[in-house]
There are 2 protein chains.
Amino acid sequence: MVNIRDVAKYCGVSAMTVSRALNNSGQISKETKERILKACEELGYRPNFAARSLVTKKTNMIGLIIPDITNQYYSQVSKGVSSYLSLHGYGLLLCNSDRKKEEEKRYLNFLSEGRVDGIIIFPVKPKKEDYEGILKEIPLVMADNYVDGLNANFVGNDNYHGASEIIRHMVKQGFKKIGVILGPTSSSASNERLRAYKDVLAENNIEYLSDIVLESDATFDDGFNLAKVLIEKGVDSIFAINDTVALGVIKYCYLNNINIPYDIGIAGYDNIQQSSMLPVPLTTVDQNGSRMGKVVAETMLNLLTGGAIISKKIILKPQLVIRKSLRES
Amino acid sequence: MVNIRDVAKYCGVSAMTVSRALNNSGQISKETKERILKACEELGYRPNFAARSLVTKKTNMIGLIIPDITNQYYSQVSKGVSSYLSLHGYGLLLCNSDRKKEEEKRYLNFLSEGRVDGIIIFPVKPKKEDYEGILKEIPLVMADNYVDGLNANFVGNDNYHGASEIIRHMVKQGFKKIGVILGPTSSSASNERLRAYKDVLAENNIEYLSDIVLESDATFDDGFNLAKVLIEKGVDSIFAINDTVALGVIKYCYLNNINIPYDIGIAGYDNIQQSSMLPVPLTTVDQNGSRMGKVVAETMLNLLTGGAIISKKIILKPQLVIRKSLRES
DNA sequence: GTGAAAGCGCTAACAA
DNA sequence: TTGTTAGCGCTTTCAC
């Protein structure tokens with residue numbers, strides 16, 4: 001592997017001059033610069049990342065920890081992050097926590113060896129103490145699940161708003177016994193949506209029944225399995241914590257000849273691409289993962305460059321997407 | 001940031017001894033080792049990645065270049081790669097080329113600064129000369145699109161086999177004028193499937209009509225737009241290069257009240273999760289992205305550890321998944 | 001079983 | 001405008 005000194009020797013200059021040519025730093029005559037750049041081409045010189053980052057203390061890398069890359073919301077987030085970073089000369093170190101706390105911890109450890117300049121995390125069942133240590137060591141942006149009392153930058157979706165909108169729509173469509181499939185209790189997103197659910201029921205004088213509000217790990221299989229439970233309890237509709245769960249519910253209905261939306265109404269959350277192409281298109285809430293990705297990456301880079309941070313807490317407004325799974329209006 | 005010398009001083013030993021304790025290398029008494037490890041805990045010491053990799057010339061990082069992370073096949077591949085790497089102490093540097101050649105090149109450059117120990121690439125419109133240079137510098141595993149004459153490790157899906165199976169099934173179901181939406185001409189996957197298409201038609205004495213075989217960039221929108229073109233040409237069925245394209249076709253049919261499978265038969269490729277949950281479930285070919293991810297990562301690590309490589313060219317067999325979009329058997 | 005010296009490839013700071 | 005020196009934090013080599 002050819003190094004900076006080989007180039008220097010080849011050009012009859014010092015290593016420092018080559019470094020300057022490559023980094024546009026300091027004063028350097030146009031001719032020598034061009035000569036050096038040409039030599040780098042010819043010799044196939046590539047600056048050594050480790051050496052550079054050892055001295056500059058910068059990696060131009062950002063770590064992204066997400067629960068599940070095969071979930072479309074997160075893949076959109078990843079794409080948004082990736083595009084924004086790439087545009088600004090940064091690389092992405094992707095960590096798929098698989099919704100496991102231990103994996104998340106392992107990755108946090110892995111990243112904290114100085115592999116990245118900052119960490120963006122979409123945490124699973126977050127607790128304050130999990131992130132207090134790392135927060136002192138490396139810039140951190142948290143997303144989706146707010147951790148109370150943690151002085152970290154946060155970008156969230158307005159879950160209360162999104163859920164209120166869709167539940168209100170459900171009530172307006174005439175549904176009265178609305179079953180819910182939540183995410184884990186430690187998920188603030190899930191809790192906010194539950195709060196909205198309760199408030200909208202109260203607004204409409206509908207009794208809250210805790211036995212038709214179920215907790216889950218927010219997977220497709222959970223949707224499939226819990227649909228059975230809820231339907232046996234006589235709900236007239238189901239609000240799923242995300243579209244993937246809703247797809248599980250829909251699969252159950254499909255296999256059991258339960259008509260959507262007349263036997264049962266279904267509402268999702270996320271607006272994944274396929275939601276619009278179902279037998280009965282899914283009414284859902286669009287969180288715009290790609291926008292989230294961009295914003296979270298932008299926040300990170302602002303943090304790194306010390307640029308003005310408008311707010312330590314950014315809340316994005318999701319949008320209700322009305323389709324046919326809650327009957328026609 | 002606390003470094004190895006701080007730990008050494010704290011323990012009253014040399015930096016070297018600390019290094020040994022951390023790496024299980026060389027001889028070291030059990031007591032000192034434990035004492036040092038405990039001190040590392042206490043001081044919150046984290047080994048510096050850059051310094052370590054500067055001397056060892058290892059990063060424990062693998063770069064993955066894929067066309068589009070929001071495509072489910074690639075997100076499954078990514079998950080497969082990620083899990084396997086994580087299991088073996090490696091990290092994943094994800095590069096989303098966005099199906100753009102220039103992005104791919106930029107990433108290749110970025111990675112070749114010694115940021116990773118090896119590169120796994122799912123190339124877009126690959127040409128031999130694009131990879132000859134990089135191949136000399138860093139271990140490379142190519143996937144999906146074979147590049148003729150390039151002496152690189154390759155993992156592919158048997159596209160000829162997969163396409164033959166599904167086209168044969170189409171013919172058996174009575175379809176005679178089968179329109180095709182291909183990927184780019186430079187994609188060997190696409191070309192192999194086209195070859196299978198031609199061979200199966202010939203086998204069955206069906207004339208090959210080049211005007212119902214269209215090229216595309218393999219996106220959802222391409223499926224939607226080209227469906228119109230093909231249907232106006234009077235095809236009785238469409239074989240889409242992937243499920244995403246097929247979903248585009250299905251959306252077109254849905255919006256135009258064209259009945260699947262009676263007005264038109266649809267076949268996809270990839271078996272993404274949602275294919276089974278469509279109004280009319282999609283007959284497709286399962287490439288098992290997660291298995292592909294695992295195999296490609298395994299090949300990479302074998303390459304790095306110099307372990308026996310069974311073959312430089314691994315071909316995985318995909319599986320025909322029969323559902324209802326080509327009528328019931 | 002442990003330590004001292006050297007150096008990985010680069011850039012910051014200062015000197016010329 | 002260019003060069004010299006030093007050192008980033010670690011491991012390799014060799015000596016004890």
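Chain letters run A, B, ... following the sequence lines, proteins first and then strands; every chain starts at 1.
Phosphate proximity of D/dG9 to B/N3: present, with a side-chain N or O under 4.0 Å from OP1 or OP2. Using a 4.0 Å cut-off, no side-chain N or O of A/T17 falls inside it from OP1 or OP2 of D/dT2.
Between B/C95 atom SG and B/L108 atom CG the span is 9.0 Å, to the nearest 0.5 Å. Separation of atoms CG (B/L43) and CD1 (B/I36) is listed at 11.5 Å; rounding is to 0.5 Å.
Within residues 5-14 of chain B, the residues that place at least one heavy atom under 4.0 Å from DNA chain C are, in residue-number order, B/V13, B/S14.
Here the options are B/R106, B/K101, B/K105, the test is salt bridge (charged side-chain N to carboxylate O under 4.0 Å, His left out), and the partner is B/E103; only B/R106 passes.
Evaluation of the salt bridge (charged side-chain N to carboxylate O under 4.0 Å, His left out) test over residues 21-33 of chain B, restricted to residues two or more places apart or in two chains, returns none. Note on residues 41-63 of chain B: pairs passing salt bridge (charged side-chain N to carboxylate O under 4.0 Å, His left out), not counting sequence neighbours, are B/K38-B/E42, B/K58-B/D117. Here salt bridge (charged side-chain N to carboxylate O under 4.0 Å, His left out) pairs that include residues 135-145 of chain A, with residues two or more places apart or in two chains, number zero.
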Nucleic acid footprint by protein, nucleotides 11-16 of chain D - heavy-atom cut-off 4.0 Å, B for base, S for sugar-phosphate alone
SB----
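Using a 4.0 Å cut-off between charged nitrogen and carboxylate oxygen, A/K100 and A/E102 do not count as a salt-bridge pair. Looking at B/K294 and B/E298, a side-chain N of the basic residue comes within less than 4.0 Å of a carboxylate O on the acidic one, giving a salt bridge.
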Between B/T17 and B/S14, does a side chain to side chain donor-acceptor pair (under 3.5 Å) hold up when you go through it step by step?
CA-CA 5 Å; B/T17 306; B/S14 73; 3.2 Å; yes
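To the nearest angstrom, C1' of D/dC10 lies 8 Å from CG of B/N48. In this entry the distance linking CZ of A/R115 with P of D/dG9 reads 17 Å, nearest Å. Atom CD of A/E34 is separated from atom P of D/dT1 by 14 Å (rounded to the nearest Å).
For the pair B/K79 and B/Y74, the cation-pi criterion (under 6.0 Å, within 45° of the ring axis) is not fulfilled.
A/L54 comes within contact range of at least one nucleobase, with a heavy-atom separation under 4.0 Å. Looking at heavy-atom distances under 4.0 Å, A/S53 makes no contact with the nucleic acid at all.
Of all nucleotides in DNA chain C, those with any atom nearer than 4.0 Å to a heavy atom of chain B start and finish, going 5' to 3', at C/dG1 to C/dG9.
Comparing A/A50 and B/K33, the nucleotide of DNA chain C nearest to each residue sits closer to the 5' end for B/K33.
Relative ring orientation between B/F49 and A/F49 is described as tilted, the plane-to-plane angle lying within the 30° to 60° band.
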